[in-house]
Amino acid sequence: MHQHARIERWARGTGRLHRLHPAAKIVFVLVTLIAISSLRQHAVAACGSYLALILLLAAATGLPLAGLLKAAATVLPFAFSFALITWFAGQGERAMLLVTRSYVSAAAALLLVGTTPMPALIGGLETLRAPKFLLLVMQFLYRYLVVLFEEAGAIRDAGASRGGSLRSLQLRQAGAAAGVLFARAYQRANAIHQAMVARGFEGTIRSLSPPVFRWQDGLFMTLFCGVSVALRVAFQ
Amino acid sequence: MIVEVKDLRFKYDDGTEALRGIDFSMDRGETIAFFGANGSGKTTFALHLNGLLRGEGKIQVAGLAVNDGNLQKIRQKVGLVLQDSDNQLFMPTVLEDVAFGPLAAGVEVREGERRAKDALERTGMLHKSGKAPYHLSAGEKKRVAIAGILAGDPELLILDEPTTFLDPPGQRSLQTLLSALPQAKILITHDIPFAASLTNQAVFFHQGRIAAKGNLREIVERFDWQALTTS
């Protein structure tokens with residue numbers, strides 16, 4: 001199963017965090033990300049505490065912890081490449097900080113998207129007065145990312161059915177396959193856009209269940225933003 | 001008249017002349033099958049009826065001229081069901097997808113949900129409301145796509161190759177569903193038996209023109225349009 005499909009399935013759950021207003025979760029994750037990114041010392045201990053907080057919340061809402069930890073590792077190859085450069089520059093502690101911060105930040109972002117379906121997430125950002133254009137770009141990016149994965153899957157299957165594999169492709173063939181992939185994804189994206197316009201789409205997607213901000217959402221937001229800030233202060 | 005078209009002409013950006021002067025009309029509640037070779041202009045013509053493509057000529061749908069000022073109203077009156085349902089279903093759940101049209105038209109959330117549930121009930125898909133569209137079978141996707149159109153309460157349904165990807169039971173079930181719908185219908189199809197089960201009227205497209213309009217059987221015979229005959 002594709003990673004995005006798995007995360008989408010998590011987001012459709014009904015746990016405690018799932019039921020909270022998306023805006024409350026966005027604010028909490030944003031505060032946590034800022035706190036993590038501003039860490040300068042005691043990297044491992046501080047990041048470990050934040051990770052524990054994230055895992056605690058994930059467990060409380062029924063997200064699979066192993067799955068979340070594995071999915072967060074997707075950022076590690078990117079983080080390692082930058083960390084390696086920093087390491088060679090003689091800044092070992094900074095390199096370590098880079099890797100741990102990236103990993104914990106990814107886990108925090110996954111906690112948000114794993115408990116909030118994309119339309120609700122966009123609704124939450126709308127509540128927080130994010131620019132409409134940005135939200136529209138997010139909606140389309142999300143929809144067309146799925147299209148891209150589907151087309152890539154179809155091309156991979158077509159190749160495999162003729163005895164080939166992505167690994168066996170030469171650089172030139174891989175380039176041509178990527179070109180075909182984008183051309184096909186573009187065609188599909190056009191067809192989807194046409195279908196949306198045909199059904200009256202004029203730039204806004206309205207939700208059937210616009211969330212209402214309740215006192216529980218406010219309590220969660222205040223409490224856990226407070227915990228995030230307190231942890232940051234503790235590792236000053 | 002639900003549709004009235006006079007001298008419609010259209011060229012694609014690459015210079016291909018797709019429509020070369022189409023005159024066409026159909027009555028409310030009527031069902032007409034569109035036949036013709038691939039690239040003969042059937043789909044291009046249909047896309048003009050809800051303003052997705054804009055050519056030269058006059059088009060009136062449900063008494064409204066297809067122009068910039070009327071596009072939103074026209075799109076509520078013309079329901080377009082695409083050949084590939086995967087392109088049509090883009091919301092995370094079946095219910096949200098079916099409610100998309102009414103909500104886009106500015107209907108209140110509760111009313112949008114009511115219309116969506118009603119359309120799902122009419123297409124026999126209410127029990128799949130909470131499912132993600134990509135988890136459905138091809139036949140179920142087609143039914144949900146039709147429900148999404150019906151939720152907007154259109155006066156004209158345009159179905160582009162409706163039987164593609166459907167197995168025989170799926171085709172029969174779609175035929176039963178469509179025959180129960182009172183709206184005017186345009187069926188763009190190569191599936192003659194399916195079309196014949198829903199109408200006896202057909203139009204034959206040839207190189208961007210309407211070559212014939214009339215009785216379905218006569219048109220099929222005249223243009224030798226039967227795909228295969230079984231012994």
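Convention: sequence-line order gives letters A, B, ...; per-chain numbering from 1.
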Between [X] and [Y], which heavy-atom pair has the shortest distance, and what is it?
X         : Y         : result
Phe100(B) : Met196(A) : CE2-O, 3.8 Å
Phe90(B)  : Ala195(A) : CE2-C, 4.4 Å
Ala191(A) : Leu82(B)  : O-CD1, 4.0 Å
Val107(B) : Arg206(A) : O-NH1, 3.0 Å
Leu80(B)  : Ala198(A) : CD2-CB, 4.2 Å
Gly112(B) : Leu208(A) : C-CD2, 4.4 Å

Looking at [X], I want to see if its [atom1] is surrounded by more than 12 non-hydrogen atoms of other residues, nucleotides or ligands under 6.0 Å.
X         : atom1 : answer
Arg16(A)  : CZ    : no
Glu56(B)  : CD    : no
Gln216(A) : CD    : yes
Phe78(A)  : CZ    : no
Asp14(B)  : CG    : yes

In terms of heavy-atom proximity below 4.5 Å to chain A, should [X] be classed as side chain, backbone, both, or neither?
X         : value
Glu111(B) : neither
Asp160(B) : neither
Leu47(B)  : side chain
Gln76(B)  : neither

Quiz prompt | Beyond-backbone contact of Thr93(B) with Arg12(A), side-chain heavy atoms, under 4.5 angstrom | solution =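 In short, these two side chains touch, coming nearer than 4.5 Å.
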Quiz item: Under 3.5 Å, side chain of Arg75(B) to main-chain N/O of Arg199(A), donor-acceptor pair present?
Solution: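 No, because the side chain of Arg75(B) does not come within donor-acceptor range (under 3.5 Å) of the backbone of Arg199(A).
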Quiz item: Is it true that a side-chain atom of Gln194(A) and a backbone atom of Leu52(B) form a donor plus acceptor pair closer than 3.5 Å?
Solution: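 A pair under 3.5 Å: no.
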Practice problem: Determine which pairs satisfy salt bridge (charged side-chain N to carboxylate O under 4.0 Å, His left out) with at least one residue from residues 23-43 of chain B, sequence neighbours left out, and list them in order. | Solution: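 Counting only pairs at least two positions apart or across chains, the salt bridge (charged side-chain N to carboxylate O under 4.0 Å, His left out) contacts touching residues 23-43 of chain B are Arg28(B)-Glu155(B).
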Quiz item: chain B heavy atoms under 4.5 Å from Glu202(A): which part of the residue, side chain, backbone, both or neither?
Solution: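 The side chain, not the backbone.
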Quiz item: With sequence neighbours excluded, what pairs up with Val75(A) under the side chain to side chain contact (heavy atoms under 4.5 Å, CB included) test?
Solution: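 Counting only residues at least two positions away or on another chain, Val75(A) forms a side chain to side chain contact (heavy atoms under 4.5 Å, CB included) with Ser102(A), Ala106(A).
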